[in-house]
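As the structure is a prediction and not an experimental result, all values here were calculated from the model.
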Amino acid sequence: MSPIREQLVSVIDCLPETEQTLLLEIARRFVPEDQATPDDLAAIQTARAEHLRGETIPHSAINWN
């Protein structure tokens with residue numbers, strides 16, 4: 001763990017739970033909402049592999065009616 005991370009953890013551990021909730025809300029503002037999760041990245045990798053193997057269906061082959 002980096003020194004800064006260790007300091008953050010020790011400060012968080014010293015705060016009452018009500019203040020930890022506020023700190024969590026503040027910290028979440030620094031994380032982009034559209035950040036891909038590990039599950040998202042795995043799904044993208046799977047889809048790309050399926051596409052390369054020719055296992056996908058083109059839009060033109062779908063009856064949209």
Side-chain angles (χ1 to χ4, degrees):
M1 191 179 308
S2 73
I4 292 174
R5 188 180 196 96
E6 288 177 13
Q7 289 177 29
L8 283 168
V9 169
S10 79
V11 168
I12 292 168
D13 287 341
C14 293
L15 293 173
E17 192 167 331
T18 55
E19 299 300 323
Q20 290 178 9
T21 302
L22 175 59
L23 186 57
L24 176 61
E25 290 176 29
I26 293 168
R28 283 185 174 155
R29 293 178 188 211
F30 291 96
V31 178
E33 290 182 22
D34 60 348
Q35 185 174 358
T37 65
D39 287 343
D40 294 333
L41 296 174
I44 291 167
Q45 188 176 23
T46 298
R48 287 180 175 163
E50 288 172 353
H51 178 53
L52 287 173
R53 292 190 303 263
E55 297 174 356
T56 58
I57 300 170
H59 261 68
S60 59
I62 298 173
N63 181 358
W64 295 97
N65 295 323

Inset, instruction - Scan for ring pair (Phe, Tyr, Trp, His ring centres under 6.0 Å) pairs involving residues 23-65, sequence neighbours excluded, and state none if there are none. - result: His59-Trp64
Inset, instruction - Check the surroundings of atom CG in Leu24: do more than 12 heavy atoms from other residues, nucleotides or ligands lie under 6.0 Å from it? - result: yes
Legend entry - Asp13 side chain vs Ser10 backbone, donor-acceptor pair below 3.5 Å: no
Legend entry - Whether over 12 other heavy atoms sit under 6.0 Å from Leu41 CG: yes
Legend entry - Residues which pass salt bridge (charged side-chain N to carboxylate O under 4.0 Å, His left out) with Glu55, listed by chain and number, not counting sequence neighbours: Arg53
Inset, instruction - Determine the minimum heavy-atom distance between Gln20 and Leu15, stating which atoms define it. - result: NE2-O, 3.0 Å
Inset, instruction - Taking the side chain as every heavy atom from C-beta outward, state whether Arg48 and Ile44 have any pair of such atoms under 4.5 Å apart. - result: yes
Inset, instruction - Might you point out which heavy atoms bring Glu6 and Met1 nearest each other, and give the distance in Å? - result: OE2-O, 3.1 Å
Inset, instruction - Work out which heavy atom in Ala61 is nearest to a heavy atom in Ile57; give both atom names and the distance. - result: CB-CG2, 3.8 Å
